[in-house]
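Some notes on the structure that comes next.
Each ligand, and each atom within it, is numbered from 1 in the order the structure gives.
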Amino acid sequence: MPISSAFAQRLSKNLPDIADHFGTPFHLYDESGIRETGATLKTAFAQVVQFQEFFAVKALPNPHILHILREMGFGFDCSSIPELILARQTGAGGSDIMFTSNNTAPEEFAAALGNGGCILNLDDISLIDKVPYLPEKVAFRYNPGARRTGNAIIGKPEEAKFGVPHDQLIAAYQHALARGAQHFGLHTMLVSNERDYRYMLETTQMLLNVAMWLRAETGITLDFINIGGGFGIPYRPEDTPLDLAALSHGMTSLLENFGTEYGSVPALYMENGRYLTGRHGVLVTRAINHKDSYRRYIGVDANMSALMRPGMYGAYHHITVHDKHDATELEIVDVVGSLCENNDKFAIQRSLPHIEAGDLLLIHDTGAHGHAMGFNYNGRLRPQELLLRTDGSVTRIRRAETLDDYFATLNFAPEDWQP
Ligand SMILES: *Cc1c(COP(=O)(O)O)cnc(C)c1O
């Protein structure tokens with residue numbers, strides 16, 4: 001299932017009124033759904049000795065959403081200065097913030113260490129000496145490379161720019177120890193939008209094996225392992241959801257077995273973005289044009305500036321038409337925005353009910369990596385964001401961009417350089 005039927009129901013009754021009140025297009029997020037998924041995640045890992053989710057701020061960097069997640073006890077995974085500011089505005093600090101940057105600049109380290117600090121997750125051995133000082137808790141992002149991935153882990157870690165390669169890992173911890181770090185963690189992120197729980201179990205086992213090796217080589221006992229984010233959601237109606245119960249069961253027993261052998265159990269950290277909020281958002285857009293060319297096109301009032309994933313990755317986002325769920329006659333159409341790029345399409349050759357100008361289309365599962373990825377190419381502005389509260393009211397939590405926003409960077413004091 002794409003968005004849950006409960007969310008669809010909560011939305012459908014008042015959608016035309018909401019659209020009339022706020023205007024289209026908009027992303028709308030479902031507070032009840034976000035809270036339910038958050039509670040499900042926490043319950044699933046309640047058996048683990050110490051569990052913490054650090055929401056990946058990049059997925060949905062809106063303060064109102066971050067406040068909800070903070071209220072639920074989650075920390076934040078940040079990788080830039082604005083993300084650190086957003087996380088700290090919720091009151092999070094110190095051990096609630098994981099700073100997982102790469103190709104890090106000095107001012108980013110300064111921002112990460114200031115204002116209450118963070119858990120510092122370093123991406124390379126060369127960065128240890130570039131940090132002004134090491135905070136209490138330090139982790140390294142591990143890149144296992146090709147040799148150690150077995151056959152199951154997808155992607156090609158050896159081609160990824162992230163992480164400390166296997167052969168430098170021991171030296172990295174030794175160097176951090178020599179520089180005064182006292183508490184250590186180990187991080188990796190090897191999957192993205194993965195719905196097969198066995199990959200996450202493999203990642204966990206891999207990190208636990210590294211923990212053993214690390215202690216043998218350096219004497220360091222890890223405080224935590226961080227298996228990264230990447231838990232997948234079912235974007236397509238036929239996709240099976242991640243089996244969270246099997247995952248938490250498997251992980252709990254991996255950690256228990258490890259504890260018996262190792263003498264202690266590291267805390268289990270994760271930093272999911274998509275899994276927490278992805279299904280709890282929709283992009284609502286109105287059909288404004290319809291064109292019969294070699295294909296039939298439905299033109300809507302949103303475009304790629306609101307949602308990059310279809311154009312950028314060819315990602316599937318389910319689309320429904322408000323009040324036309326029961327339509328029996330379907331048409332094959334492309335649903336398009338107005339950018340002068342042919343990949344500005346929300347759907348390609350999709351079967352949808354007959355759509356007329358004025359109809360409201362729901363583009364599903366835009367609660368993560370949706371609005372946040374938007375851009376201004378072609379002079380297109382990003383839309384507003386709304387929050388459907390648990391009491392049924394709707395709050396605007398970000399306004400749409402205006403022409404003044406677009407032209408703001410052209411407004412500056414003149415400056416020249418002469419040779
Ligand atoms: C993007 C990212 C995440 C979140 O990914 P999701 O697919 O949203 O779970 C977590 N950790 C790191 C380091 C990331 O870059």
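Residue His369 has at least one nitrogen or oxygen atom sitting less than 3.5 Å from a nitrogen or oxygen atom of ligand 1, judged on distance alone. At under 3.5 Å, a nitrogen or oxygen of Gly230, whether backbone or side chain, sits near a nitrogen or oxygen of ligand 1. Polar contact with ligand 1: absent for Ala59 (N/O pair, distance under 3.5 Å). Residue Tyr275 has no N or O atom closer than 3.5 Å to an N or O atom of ligand 1. For ligand 1, none of its N or O atoms has an N or O atom of Asn193 under 3.5 Å away.
Which parts of ligand 1 touch Lys58 is read off a 4.0 Å heavy-atom cut-off, strictly below it: atoms 1 (C), 2 (C), 3 (C), 14 (C), 15 (O). Set against the non-hydrogen atoms of Arg141, the atoms of ligand 1 under 4.0 Å away are 13 (C). Atoms of ligand 1 lying under 4.0 Å from any heavy atom of Thr100, numbered from 1 in the order shown and given with element: 13 (C). The atoms of ligand 1 that sit less than 4.0 Å from any heavy atom of Gly229 are 9 (O), 10 (C). Set against the non-hydrogen atoms of Ala56, the atoms of ligand 1 under 4.0 Å away are 3 (C), 4 (C), 10 (C).
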Identify each donor-acceptor pair in which a side-chain atom of residues 335-343 lies under 3.5 Å from a protein atom, sequence neighbours left out, and give them as a table.
from: Glu341; atom 1: OE2; to: Tyr377; atom 2: OH; distance (Å): 3.0
from: Asn343; atom 1: ND2; to: Gly311; atom 2: O; distance (Å): 3.4

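Among residue pairs with one or both ends in residues 181-190, those qualifying as side-chain hydrogen bond (donor to acceptor under 3.5 Å, both in side chains) are Asn121-His187, His183-Asp223, His187-Glu271; sequence neighbours excluded.
Using modelled atom types, one finds a donor on one side chain and an acceptor on the other under 3.5 Å when comparing His364 with Thr320. A donor atom on one side chain and an acceptor atom on the other are found under 3.5 Å apart for Ser393 and Asp391.
Considering CG of Leu134 and CG of Leu120, their distance stands at 7.0 Å, rounded to 0.5 Å. Interatomic distance, Ile288 CD1 to Asp301 CG, rounded to the nearest 0.5 Å: 5.5 Å.
Under the 4.5 Å side-chain criterion, counting only non-hydrogen atoms from C-beta, Ile81 is in contact with Glu108.
Ranked by closest heavy atom to atom 5 (O) of ligand 1, the top entry among Glu194, Arg274, Met189, Met270 is Met189.
For atom 10 (C) of ligand 1, the nearest non-hydrogen atom of the protein is Glu271 O, 3.1 Å.
A cation-pi contact, defined as under 6.0 Å to the ring centre and within 45° of the axis, links Lys42 to Phe74.
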